[in-house]
There are 2 protein chains.
Amino acid sequence: MPQAIFPAPDHDHGSCASTAIAHAERLCAARSARLTPTRRHVLETLLASHKPLGAYEIMDRLAAGDGRPAPITVYRALDFLRDNGLVHRIESRNAFVACVREHADSAPVVFLICEHCGAVGEATGGAIADALATSCRAAGFSPKSPVIEIAGVCSHCRQR
Amino acid sequence: MPQAIFPAPDHDHGSCASTAIAHAERLCAARSARLTPTRRHVLETLLASHKPLGAYEIMDRLAAGDGRPAPITVYRALDFLRDNGLVHRIESRNAFVACVREHADSAPVVFLICEHCGAVGEATGGAIADALATSCRAAGFSPKSPVIEIAGVCSHCRQR
DNA sequence: ACTTTGATGTTGCGCTGCAGCAAAAAGCGC
DNA sequence: GCGCTTTTTGCTGCAGCGCAACATCAAAGT
């Protein structure tokens with residue numbers, strides 16, 4: 001059953017962020033990948049926002065703590081986080097969001113992007129996956145982890 | 001029935017391009033929009049390639065004919081062509097392709113992007129549209145002309 | 001201790017995309 | 001045709017995005 005999670009504007013950021021960090025730590029430990037301070041800071045920044053952030057926006061927010069990191073530093077951290085499925089890139093926005101959900105790697109991800117408040121809901125769509133697979137097969141096309149981005153207006157903004 | 005068109009590597013570029021140009025002319029005439037030389041050149045360049053081209057790549061190819069146009073010139077032409085549904089932007093590539101197909105405006109478009117040869121197949125997926133609509137409704141999300149981009153390997157490259 | 005691997009820092013650069021203003025061209029009423 | 005408005009184009013400049021190439025430094029293995 002496809003289901004999207006749009007975090008309510010007033011939900012408990014703190015707890016969902018710490019859950020995600022804990023998950024990241026477990027996952028990295030399991031893969032013996034290193035969740036270094038820089039990488040952790042970047043992830044935390046994204047988690048604290050719950051909105052897509054551009055790389056340079058992340059830099060700005062990190063600048064408060066330590067010295068301002070170079071762009072490449074942030075990009076490398078993002079590469080690492082993406083490789084490990086902790087962060088997604090929103091192509092249509094040139095921005096990044098922390099992944100709140102644990103996926104099967106093969107499952108397609110659907111991003112619902114609110115044009116009003118900028119929030120991003122992450123849905124996993126079984127039905128969509130099936131339809132996509134059918135369509136690709138008809139075209140003789142072998143897909144690779146499809147990502148779907150849909151712009152629109154989220155439920156919370158809709159109510160006004 | 002979803003169906004993707006991957007032009008065979010040896011198909012007749014010339015004829016499909018001129019068909020598309022003719023369509024563009026008819027459409028612009030009907031809307032009393034002006035298909036100026038610059039805009040036409042940009043469209044022709046995209047049609048001649050059948051692959052996504054970056055804005056600066058388009059500039060390079062236009063440079064041969066007249067003088068090299070400024071970036072903004074190309075972007076404005078692209079804006080015009082996109083507004084009229086003659087060109088699509090491939091977000092994940094920061095590139096543009098000529099639209100070979102006449103859509104209903106509301107129908108979602110599915111791009112199948114070959115990572116090997118760079119070709120782009122354009123499919124329209126009724127089943128996918130339905131699944132997406134269901135998923136969005138479940139999330140209380142109001143979508144706006146969804147565009148789906150899927151990376152993978154096309155049928156022609158697959159055969160090798 | 002030494003080597004190998006991986007992470008970070010530094011410099012520099014090319015691509016992407018557009019704002020803001022000025023000049024030229026097209027359409028329109030008279 | 002003549003002025004007027006609207007559209008299109010040309011020009012300068014700039015900000016964000018993303019990474020290559022190289023040097024440095026820490027960690028992990030033998």
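Proteins get letters first, then strands, A, B, ... in listed order; numbering begins at 1 in each.
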Check your understanding: Should B:Thr73 be listed as having a side-chain N or O under 4.0 Å from OP1 or OP2 of D:dT9?
Key -> no
Practice item. To the nearest Å, give me how far apart CG (B:Asp60) and P (C:dG14) are. Key: 14 Å
Review point. Would you say B:Tyr75 reaches C:dG17's phosphate, i.e. side-chain N/O to OP1/OP2 under 4.0 Å?
Key: yes
Review point. How long is the line joining CD of B:Glu91 and P of C:dT16, in whole Å?
Key: 14 Å
**Study point:** Euclidean distance, atom CZ of residue B:Arg93 to atom P of C:dT16 [Å, nearest integer]
**Key:** 13 Å
Revision key, fill the gap. Rounded to whole Å, CE of B:Met59 lies from P of C:dG17 at a distance of 13 Å
Check your understanding: Any side-chain N or O of B:Arg89 under 4.0 Å from OP1/OP2 of C:dG17?
Key -> yes
Point to revise | Interatomic distance, B:Ile90 CD1 vs C:dG17 C1' [rounded to whole Å] | key: 17 Å
Practice item. Between A:Ile72 and B:Pro71, just flag the one whose closest nucleotide in DNA chain C comes earlier from the 5' side. Key: A:Ile72
Review point. Side-chain N or O of B:Arg34 less than 4.0 angstrom from OP1 or OP2 on D:dT9?
Key: no
**Study point:** Distance test, side-chain N/O of A:Thr36 to OP1/OP2 of C:dT8, below 4.0 Å
**Key:** yes
**Study point:** Phosphate-side-chain proximity, A:Asn94 and C:dT16, N/O vs OP1/OP2 below 4.0 Å
**Key:** no
Exercise for review: Determine, step by step, whether B:His88 and B:Phe111 satisfy the ring-ring contact (aromatic ring centres under 6.0 Å, His included) criterion, reporting the C-alpha distance in whole Å, the side-chain angles of both residues, the deciding distance to 0.1 Å, and the verdict.
Suggested key: CA-CA 10 Å; B:His88 292 290; B:Phe111 293 111; 5.1 Å; yes
Review point. Of A:Ala77 and A:Tyr56, whose nearest nucleotide on DNA chain C comes first from the 5' end?
Key: A:Ala77
**Study point:** A:Arg68 CZ - C:dG9 C1' separation (whole Å)
**Key:** 15 Å
Practice item. Taking only the side-chain heavy atoms of B:Arg76 (C-beta and beyond), determine which of C:dT10, D:dC11, D:dG18 contains the nearest atom. Key: D:dC11
Review point. Between atom CG in B:Leu78 and atom P in C:dC18, what is the gap in whole Å?
Key: 10 Å
Check your understanding: To the nearest angstrom, how far is A:Phe80 atom CZ from D:dG18 atom P?
Key -> 20 Å
Practice item. Kindly work out whether a path of hydrophobic side-chain contacts (I/L/V/M/F/W/Y, heavy atoms less than 4.5 Å apart) joins A:Leu53 to A:Ile113. Key: no
Practice item. Would you indicate what B:Arg39 reaches in the nucleic acid, counting non-hydrogen atoms under 4.0 angstrom: base, sugar-phosphate, or nothing? Key: sugar-phosphate
**Study point:** pair B:Val97-B:Val87: side-chain heavy atoms closer than 4.5 Å
**Key:** no
Review point. Quick one: are B:Arg39 and B:Leu86 in side-chain contact, heavy atoms under 4.5 Å?
Key: no
Review point. Short question: side chain of A:Ser18, backbone of A:Ser15 - any donor-acceptor pair under 3.5 Å?
Key: yes
